[in-house]
Amino acid sequence: MTQQEYVNTNFIEDIIIEDRESGKHPSIHTRFPPEPNGYLHIGHAKSICLNFGLAQKYNGLCNLRMDDTNPSKEDEEYVQSIINDIKWLGFDWDERFFFASDYFEELYKYACQLIEKGLAYVCELTPEEVRKSRGTLTESGTNSPFRNRTAQENLAIFHRMRAGEYPEGSKTLRVKIDMTSPNINMRDPIIYRISYATHHKTGNTWCIYPMYDYAHCISDALEHITHSICTLEFEDHRPLYDWFVNQFTDLPKPRQIEFARLNITYTVMSKRKLLELVKGNYVNGWDDPRMPTLCGMRRRGYTPQAIRNFAAQIGVAKFNGISDLELLEHFVREDLNKKATRVNVVLNPLKVTIENFPEDEVLWLDAENNPEDETAGIRQIPFSKHILIEQDDFSENPPPKYFRLSPSKEIRLKHAFYITCKEVIKNSDNTVVEVICTYDPESKGGWAKDGRKVLGTSHWVSEKEAIPIEVRQYTKLFLDKEPENVVPGTDYKDGINKDSLAIMNNALAEPSVAKAAAGQAFQFLRQGYYVADIDTTESKPIFNLTVKLKDGWTKKK
RNA sequence: UGCCCCAUAGUCUAAUGGUAGGACAACUGCCUCUGGAGCAGCUGGUUGAGGUUCGAAUCCUUGUGGGGCAGCCA
């Protein structure tokens, strides 16, 4: 945790600081409570960094708790991926790994207490009837005809609900608050429903399951959470959260605080839409490098440090805004610039023949691995008569301010020699197929003896030693800056970028690249940051574009 | 036409009644064996109207705009 990650305080920290100084909470305790019904995404990362980060900064603790109160949606597969992703991000919960389902027995006990106090009742209205009697946003609801059963009767039926004597949907346990409340969450909310779905953790032990509003706050209290941080849509639930917590004198009273969830330009963040992209094969799985999931970003080559720095920079507030994707990419570049090994890779090769270089000679030249990190050392790259450069690095009729190779112009080959273009060979289509150059033997290593300068430096590979690699060029998955904000009548999927993945099969890399390990970060010189894909092998190296280098030239054009 | 919340440069965010600042983006130079990185500079902001105050981005009233809420989801 670097210091720069926390330069400013946000409104939640202000509350924490106040609670420490007043003695209300000498130490703080937060939690990250995902529902194991999907993969974590960058939006969750904001919450993870917030909750775990707050605990670190203020010498508190942060628990990991699976919010698994709905067996029909949750699965062990997601539990594992969540654990994996949080660890990858760099956070740890020690032994404090819990499930809401750990508390089912206690939750049941507290529900019985509510019944005994006359504050909860078994309701037999159908879902449709419940909906109707709840009222609307502008009209108050009406009391359930089952509202005035005796505590004794309610308790007996509730026990039988647990015993599995009633079909799904036939009965619920409701809390007795106020059907006329302007806050719909307070209109006798359901706290238990019957479900015979198998729970990923408790199997078929239970057939009644607590609802979020009831289970979450009590779970927080049982874990002695001091600050229960959630997103804005739960704001209206806070009165209910407080209501429950205040019914039980033996429980501590955690405080719910809401903050704005993360939105990023050119990105969809809802679990439903991400699932749709996967199921509809718009992407190749949850870990597709175009996905904003943490596993997708990992495969894309984004680093945990970059994501953490991003989370720190965007801050925490109650304003529901949309952050620029460019900011995230900035932190990815910043981190990778320090870490990535530089290599020569030519994506679209153009043959260059050095006419004054001996036919069979191979010269091994020194190349630095990372100019930003001296400890990264050097490697050797082969130079020969037949090399390849990027097609974009040659122009027969160059535009003004073109620094690259063109007829009679001289450039430098990175770490190698100065070369001068002597002749252009074209095929019948009039496309350039080869460039004949001469090299200056006195410029070995990239410096001319006489001190003359060249404007451009190109990356290159030696034809014979080069290895073919597959390069997956990823760009934005959505064309629209705000893909979730579509005009009525159209679908966000209409905005999918059909060209978000381009597979480059002609790419050639310097030989050192063959040894790349999956997940290893590279900078393909002058092009971008790339990561060896998890499918990479020595016989078929595969790389994903993480993010392009900033490019002042194409911007100028 | 109910209830709750929000409003500071293009974007995100600080300023806690006392000089409106940072990051990204953009732009202009410098530098450079990556048109990368780095360095320097510059442009640009308090939603409108009232009020309180010596002084308001901040407090109050009100308008406007935006978001959320009617699952036996979380």
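Scope of the values below: all heavy atoms of this structure, side chains included, with no hydrogens, waters or symmetry mates. In what follows, every chain begins at residue 1, and chains take the letters A, B, ... in the order their sequences are listed. Since the model is a prediction, treat every value here as computed from it, not as a measurement.
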Fill in the blank from the handout: A/E258 atom CD is separated from B/G67 atom C1', nearest whole Å, by 14 Å
Exercise for the section: Would you mind calling B/G45 syn or anti? Take O4'-C1'-N9-C4 for purines or O4'-C1'-N1-C2 for pyrimidines, and syn is within 90° of 0. Expected result: anti
Practice task
Return yes if a side-chain donor-acceptor contact under 3.5 Å exists between A/N337 and A/E334, otherwise no.
Solution key: no
Fill in the blank from the handout: Considering only heavy side-chain atoms of A/L549, the closest of B/G36, B/A25, B/C4 is B/G36
Fill in the blank from the handout: 5'-most contact on RNA chain B (nearest-nucleotide basis), A/P34 vs A/H415, goes to A/H415
Problem - No-hydrogen, no-angle side-chain donor-acceptor test under 3.5 Å, A/N370 and A/E372 - result: no
Problem - Length of the line joining A/R187:CZ and B/G71:C1', which is rounded to integer Å - result: 15 Å
Practice task
Write down the distance between CG (A/N337) and C1' (B/G36), rounded to a whole number of angstrom.
Solution key: 8 Å
Problem - Interatomic distance at P, B/A23 relative to B/A40, whole Å - result: 10 Å
Problem - With A/D366 via salt bridge (Lys or Arg N to Asp or Glu O under 4.0 Å) - residues at least two apart - result: none
Exercise for the section: Would you indicate what A/F234 reaches in the nucleic acid, counting non-hydrogen atoms under 4.0 angstrom: base, sugar-phosphate, or nothing? Expected result: base
Practice task
Over 60° means perpendicular and under 30° means parallel, so classify the ring planes of A/F158 and A/Y108, tilted if in between.
Solution key: parallel
Problem - Touch class at under 4.0 angstrom, heavy-atom based, for A/G552 against every strand present - result: sugar-phosphate
Problem - Among B/C72, B/G35, B/A74, the one nearest A/F403 by side-chain distance - result: B/G35
Exercise for the section: Round to a whole Å and report the spacing from NE2 of A/H459 to C1' of B/G35. Expected result: 13 Å
Problem - Salt bridge A/R238-A/D242, side-chain N to carboxylate O under 4.0 Å - result: no
Handout entry: OP1 or OP2 of B/U34 under 4.0 Å from side-chain N/O of A/R412
Key = no
Handout entry: Pairing stems for RNA chain B [at least three consecutive pairs; Watson-Crick or G-U; under 3.5 angstrom]
Key = B:2-7 with B:64-69, B:10-13 with B:21-24, B:27-30 with B:38-41, B:47-51 with B:59-63
Exercise for the section: Remember a base hit wins even if backbone is also touched, and classify A/K401 as base, sugar-phosphate or nothing at under 4.0 Å, heavy atoms. Expected result: base
Practice task
Examine the base of B/G35 for any acceptor or donor lying under 3.5 Å from a partner atom in the side chain of A/D551, and report the outcome as yes or no.
Solution key: no
Practice task
Using whole Å, report how far CD1 of A/I191 lies from P of B/A74.
Solution key: 13 Å
Problem - Side-chain N,O (A/R134) to OP1/OP2 (B/C69) below 4.0 Å - result: no
Practice task
Remember a base hit wins even if backbone is also touched, and classify A/L240 as base, sugar-phosphate or nothing at under 4.0 Å, heavy atoms.
Solution key: nothing
Fill in the blank from the handout: Each nucleotide of nucleotides 9-17 of chain B classed B (base within 4.0 Å of a protein heavy atom), S (only sugar-phosphate) or -, in 5' to 3' order, makes -BSSSS-B-
Handout entry: Sugar-phosphate only, base, or nothing, as touched by A/R342 at under 4.0 Å among non-hydrogen atoms
Key = base
Handout entry: Distance below 4.0 Å between A/K550 side-chain N/O and B/A37 OP1 or OP2
Key = yes
Exercise for the section: Classify the side-chain pair A/E329/A/Y529 by whether it contains a donor and acceptor separated by less than 3.5 Å. Expected result: no
Handout entry: Under 3.5 Å side-chain donor-acceptor pair for A/N344 and A/H459
Key = no
Practice task
Decide yes or no, distance alone: a donor-acceptor N/O pair under 3.5 angstrom between the base of B/G36 and the side-chain of A/E372.
Solution key: yes
Exercise for the section: Write down the distance separating the P atoms in B/C5 and B/G10, rounded off to the nearest Å. Expected result: 28 Å
Practice task
Using a 4.0 Å heavy-atom cut-off across all strands, classify A/H216 as base, sugar-phosphate, or nothing.
Solution key: nothing
Exercise for the section: Ignoring hydrogens and angles, state whether a donor on the side chain of A/Y196 or A/N204 is under 3.5 Å from an acceptor on the partner side chain. Expected result: no
Exercise for the section: Between B/C4 and B/A9, how far apart are the C1' atoms? Round to whole Å, please. Expected result: 29 Å
Problem - CA sep, side-chain torsions, deciding dist, call: A/E223, A/R31, salt bridge (Lys or Arg N to Asp or Glu O under 4.0 Å) - result: CA-CA 9 Å; A/E223 292 179 18; A/R31 103 267 91 119; over 6 Å; no
Exercise for the section: Please determine, by modelled atom types, if A/T303 and A/Q305 share a side-chain donor-acceptor pair under 3.5 angstrom. Expected result: no
Problem - First encountered from the 5' end of RNA chain B, between A/P210 and A/W553 - result: A/W553
Practice task
Write down the distance separating the C1' atoms in B/G44 and B/A56, rounded off to the nearest Å.
Solution key: 23 Å
Problem - Rounded distance in Å between the P positions of B/C59 and B/A7 - result: 10 Å
Exercise for the section: Could you give the distance separating B/C39 and B/U32 at their C1' atoms, to the nearest angstrom? Expected result: 11 Å
Practice task
Kindly give the heavy-atom pair with the smallest separation between A/D67 and A/P36, and that separation in Å.
Solution key: O-CD, 3.9 Å
Problem - Presence of A/R193 side-chain N/O under 4.0 Å of B/A74 phosphate oxygens OP1/OP2 - result: yes
Handout entry: Distance, rounded to the nearest Å, where A/K339 contributes NZ and B/G36 contributes P
Key = 22 Å
Practice task
Would you mind telling me which of B/C73, B/U34, B/C72 lies closest to the side-chain atoms of A/R526?
Solution key: B/U34
Handout entry: Distance-only polar pair, side chains of A/Y439 and A/E410, donor-acceptor under 3.5 Å
Key = no
Practice task
Describe the nucleic acid contact of A/P239 in one word from base, sugar-phosphate, nothing, applying a heavy-atom distance below 4.0 Å.
Solution key: nothing
Problem - Sugar-phosphate, base or nothing in reach of A/Q523, heavy atoms under 4.0 Å - result: base
Problem - Between A/D220 and A/Y241, a side-chain donor and acceptor under 3.5 Å - result: yes
Practice task
Respond yes when some side-chain nitrogen or oxygen of A/T69 is under 4.0 Å from OP1 or OP2 of B/A74, and no when none is.
Solution key: yes
Exercise for the section: Find the distance A/D373:CG to B/G38:P and express it as a whole number of Å. Expected result: 15 Å
Exercise for the section: Round to a whole Å and report the spacing from CZ of A/F331 to C1' of B/A37. Expected result: 16 Å
Problem - Short side-chain N/O contact to B/G35 OP1/OP2 from A/R404, under 4.0 Å - result: no
Handout entry: Whole-Å C1' distance, B/U47 and B/U58
Key = 15 Å
Exercise for the section: For B/C24 versus B/A14, give the span between their C1' atoms, rounded off to a whole number of Å. Expected result: 15 Å
